[in-house]
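Since we're looking at a predicted model, the values are computed, not measured.
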Amino acid sequence: MKSPSANTKLNQWVQESAAMCQPDDICWCDGSVEEYNRFMAQMVASGMAIPLKKRPNSFLFRSDPSDVARVEDRTYISTPTKLEAGPTNNWIDPGELKATMRGFYKGCMRGRTMYVIPFSMGPIGSPLAKIGIEITDSPYVVCNMHIMTRVGTRVLDALGQDGEFIPCLHSIGAPLEKGRKDTAWPCAPIEQKYISHFPQENLIWSYGSGYGGNALLGKKCLALRIASAVARREGWMAEHMLILRLTNPEGRRFHIAAAFPSACGKTNLAMINPTIAGWKAECIGDDISWMKIGPDGRLYAINPESGFFGVAPGTSYNSNRSAMDSIKANTIFTNCALTDDGDIWWEGFDGKPPAHAIDWKGRDWTPASKSDAAHPNARFTAPAKQCPVISPDWEKLEGVPIDIFIFGGRRASVVPLVHEAYNWDHGVFMGSTAASETTAANIGAVGNLRRDPFAMTPFCGYNMGDYFQHWFAMGDKLGAKAPRIFYVNWFRKSPAGKWLWPGYSENSRVLKWMCDRVGGKVGARETPIGLLPLEGELDLTGLSIPAQDFAELMRVDVPAFKAEVPDMEKHFNRFGDRLPARLSAQLKLLVQRLG
Ligand code: OXD
Ligand code: MN
C-alpha cells in the first residue's frame, strides 16, 4: 500500500522497518470505523476474537498463558550510560541492544501484514499533545490503539511534511511460515521479549509480546517512559496519574491528579460516584496525566489517552458503576471468562457466578473449579467517551488546572487513611517513599512490599534520582500556585485482618476533606508524618464505622514508622549522589518528628 503521508522521515522509517521485518504487505491505518470493523471481522474469522452476543460490537480475546502482563524484567531504558537509566531501570547499551533486537526483527513479519498506525497522545491540536507512529504486525494492537489513542489520517494531516513523531516499532515476534496455521495468540517466548526505550532518540522498540503495555506502545512506553524523559528536558511532567474533577455544593471546581501503583483502584477513583450530598465528580483520565504550567502560572493537565485499559476482575456495579456502563458495547475484553449465553464474566462480577463458563485458557469452568475463571490481570479496552461520568472538558486542549496531588498505595498496616504534606518538599518526600504491596498487574510475587516512588518505578524513562529533582524544580517554578499534596491508604486492615475503611464511593469523603483543606474550610492536626483531619472534620455522615475501627484507621503508628526508616534510607541510598539533598533533609526532619 502506498504511503498516504508526505513526511519524508516517516516514509523512510517505514521503508527501513519493512526491509528489516519483511512483511507480506503494508497497511496504513486510517482510523475509520470501517477499518476497525474489517480487522475485527478478520480476527473473528481466524478464531482470535470471539464476538459477544450480550454486548454489541464487543469481542473477547484469550492471550497465550505466557503473555498476560507487562514484563518489567524484559523492559529496558537504553541510554548511552547506565547511570542515565538509574538504579530502577534495566539497562543495556543501545548499540548492543539494537544489534540483538535487529537479529530478532529480521524477517519477523514474514507471512503477516505490517500495520502503520499514526496516533496522537492528547487531543489533536493541544499544546500538550505528541504524535507517535506505531508499526505493528498485530491487528489486535491496531484495534486497541483505535480505542486508546486518536488514530488515523487526521494525525498524518497534523504531522504534515516535516512534523516530529515518536517512532514505535512493535512485532509479536512470530513470523508465519507459508502453509502454517496461525495460533490464536502468536508471540515469542519470554526470553525473546524486549520492551526497549531509547530516550535520547525518542525511540521505542518492542518485540515478542502482544499484551497491553508491552504492545500498545502509546500507553506506558510513549506516554510515560519516553514522555517522562521529554518532559524533563522540556520542563513539564508526565505522570502515572488519574485526573478527576470534583465540584462542591457551592459550584467550586477542584481538579485532582492521583498516582497509585497498578491495580490499586485508580480506575475506580477516577470514576468515583460520591456518597456525600451535593458533591459531583467527573472523570478526565484513569491512568496518565501530562501537565504543563499555563499562562496563569498554574499546572494544567490533559489525559493523553482516549480509552480505558482497565483491570476487569473486581470491577462490578458495586465497585465501579461507571466502568460497568462504559463497557456495555464497543469493548475489547482480554482474558475474561466466557459465559454460555455469550457474555463475559470475572471474579468479583455482580451477582452469582455462572454455573458454567469457559475460562481464560479456553477450558470448561464451574464454581467448583480450583482456578480462576478470568486471569487476575484480565482487561477491558473501552472508549473514554462511553463513560457516563466523563467530564465535558476531558478533551479541552489546554487541560484542567490541578489543585491537588494524591499519592498512595496498598498497605494493610502502618499508613493511616489520609494525611497531608506540610509543604511541597514534604510532598515530594511522600511521593518518593510511596510503597505498596504488589498485585497481579506486574509479573512477580504478589503481596510483597515494594517502594514505588510516585507509582513510576516501572515507568520512569531516566534516572529516578533526577526525576525527584525534576519534581523539586517544578515546585520551585509553581511556587504558591503548586497543587497541595496528600497521601492516602484505602487498604488498612485491623490486626485481625478486617478492612477498616469501606473504600470505593466512600473515598469521596476523603476527597471532600482535601478540597475543604484547599478551600480553607477545615483545619488539621500536626503529627510526625503530616497533617491529619481534626476530630469530626472528616465527613462520616451515614457511615457506621465503630469508633475503635476509625481510631485504628487514623492511627499514626509512630513505632511502625520508625521501623520503616532504615528501609527508606536503603531506598534513598540506591540513588547515590543523584539523590536530591532536599530529600535527605526531609528524611532527617521525619526522623526528628518521630522522636
Ligand atoms: C496499567 C498498569 O495497565 O499500570 O495501567 O499496569
Ligand atoms: Mn497504570
Side-chain angles (χ1 to χ4, degrees), residues 21 23-24 27 35-55 57-71 104 108-115 136-148 170-193 206-216 309 312-313 331-346 356-365 369 371-381 440 443:
C21 302
D24 283 9
C27 169
E35 173 179 274
Y36 182 92
N37 293 344
R38 183 158 36 93
F39 293 152
M40 272 299 177
Q42 279 168 17
M43 288 188 282
V44 170
S46 76
M48 192 185 186
I50 301 167
L52 295 166
K53 283 194 210 102
K54 285 286 169 105
R55 290 176 199 252
N57 194 31
S58 298
F59 301 87
L60 172 67
F61 290 79
R62 295 189 193 116
S63 78
D64 188 274
S66 71
D67 199 27
V68 292
R70 287 185 289 100
V71 280
F104 287 122
C108 70
M109 294 187 188
R110 274 199 305 260
R112 301 193 184 277
T113 297
M114 183 171 112
Y115 305 94
T136 180
D137 48 4
S138 162
Y140 167 85
V141 165
V142 179
C143 288
N144 274 272
M145 288 293 283
H146 265 237
I147 297 175
M148 295 304 297
H170 171 251
S171 172
I172 52 175
L176 188 58
E177 301 305 340
K178 281 222 162 46
R180 280 271 174 90
K181 193 174 159 7
D182 210 359
T183 55
W185 186 280
C187 64
I190 184 80
E191 65 284 359
Q192 287 177 18
K193 294 191 206 296
S206 165
Y207 183 89
S209 166
Y211 199 89
N214 302 330
L216 314 177
F309 183 64
T331 298
I332 297 173
F333 296 93
T334 308
N335 288 343
C336 304
L338 176 67
T339 62
D340 294 347
D341 59 351
D343 200 0
I344 34 75
W345 189 83
W346 49 70
H356 174 265
I358 304 292
D359 76 3
W360 70 278
K361 287 185 173 169
R363 306 170 305 188
D364 284 314
W365 181 93
S369 300
S371 51
D372 288 341
H375 186 276
N377 192 38
R379 298 280 180 150
F380 54 79
T381 318
I443 283 183

Least distance between heavy atoms, [X] atom then [Y] atom:
X    : Y    : value
M43  : C143 : CE-SG, 3.8 Å
L52  : F333 : CD1-CD1, 3.5 Å
K193 : S209 : CD-CB, 3.8 Å
C336 : W346 : SG-CE3, 3.6 Å
H170 : S138 : CE1-CB, 4.4 Å
W360 : V68  : CZ3-CG1, 3.7 Å

Find out whether [X] and [Y] are in side-chain contact, i.e. whether some heavy atom of one side chain is under 4.5 Å from a heavy atom of the other.
X    : Y    : answer
S369 : R363 : no
Y211 : N377 : yes
I172 : Y140 : no
M40  : N57  : no
K361 : R62  : no
T113 : D24  : no

Subject >> Steps toward side-chain contact (heavy atoms from CB on, under 4.5 Å) verdict (I147, T331) >> reply: CA-CA 9 Å; I147 297 175; T331 298; over 6 Å; no

Subject >> By side chain to side chain donor-acceptor pair (under 3.5 Å) - contacts of D340 (at least two apart) >> reply: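 With sequence neighbours excluded, D340 shows a side chain to side chain donor-acceptor pair (under 3.5 Å) to H356, given in chain and number order.
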
Original post:
For V71, does its backbone N or O pair with a side-chain atom of N214 as donor and acceptor, under 3.5 Å?
Top reply: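 Side chain of N214 to backbone of V71, a donor-acceptor pair under 3.5 Å: yes, one is there.
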
[atom1]-[atom2] distance between [X] and [Y], expressed to the nearest 0.5 angstrom:
X    : Y    : atom1 : atom2 : result
K178 : R110 : NZ    : CZ    : 9.5 Å
L338 : I344 : CG    : CD1   : 9.5 Å
Y36  : N144 : OH    : CG    : 7.5 Å
M48  : T183 : CE    : OG1   : 8.0 Å
F380 : T334 : CZ    : OG1   : 11.0 Å
F59  : I332 : CZ    : CD1   : 8.5 Å

Original post:
Per the salt bridge (charged side-chain N to carboxylate O under 4.0 Å, His left out) rule, which among K53, R55, K54 passes with D341?
Top reply: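 With D341 as partner, K53, R55, K54 yield a single salt bridge (charged side-chain N to carboxylate O under 4.0 Å, His left out), made by K54.
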
Original post:
How would you list, by chain and number, every residue that makes a side-chain contact (heavy atoms from CB on, under 4.5 Å) with D64, sequence neighbours excluded?
Top reply: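 If we apply the side-chain contact (heavy atoms from CB on, under 4.5 Å) test to D64, skipping adjacent residues, the hits are S66, D67, W185, C187.
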
**OP:** Decide yes or no on side-chain contact (heavy atoms from CB on, under 4.5 Å) for I358 and D364, but give the supporting numbers first.
**Re:** CA-CA 5 Å; I358 304 292; D364 284 314; 3.5 Å; yes

**OP:** Name the orientation class of the two ring planes belonging to F39 and Y115 (parallel below 30°, tilted from 30 to 60°, perpendicular beyond 60°).
**Re:**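 Perpendicular: the ring planes of F39 and Y115 meet at over 60°.
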
Original post:
Passes side-chain contact (heavy atoms from CB on, under 4.5 Å), V141 versus L216? Steps please.
Top reply: CA-CA 6 Å; V141 165; L216 314 177; 4.1 Å; yes

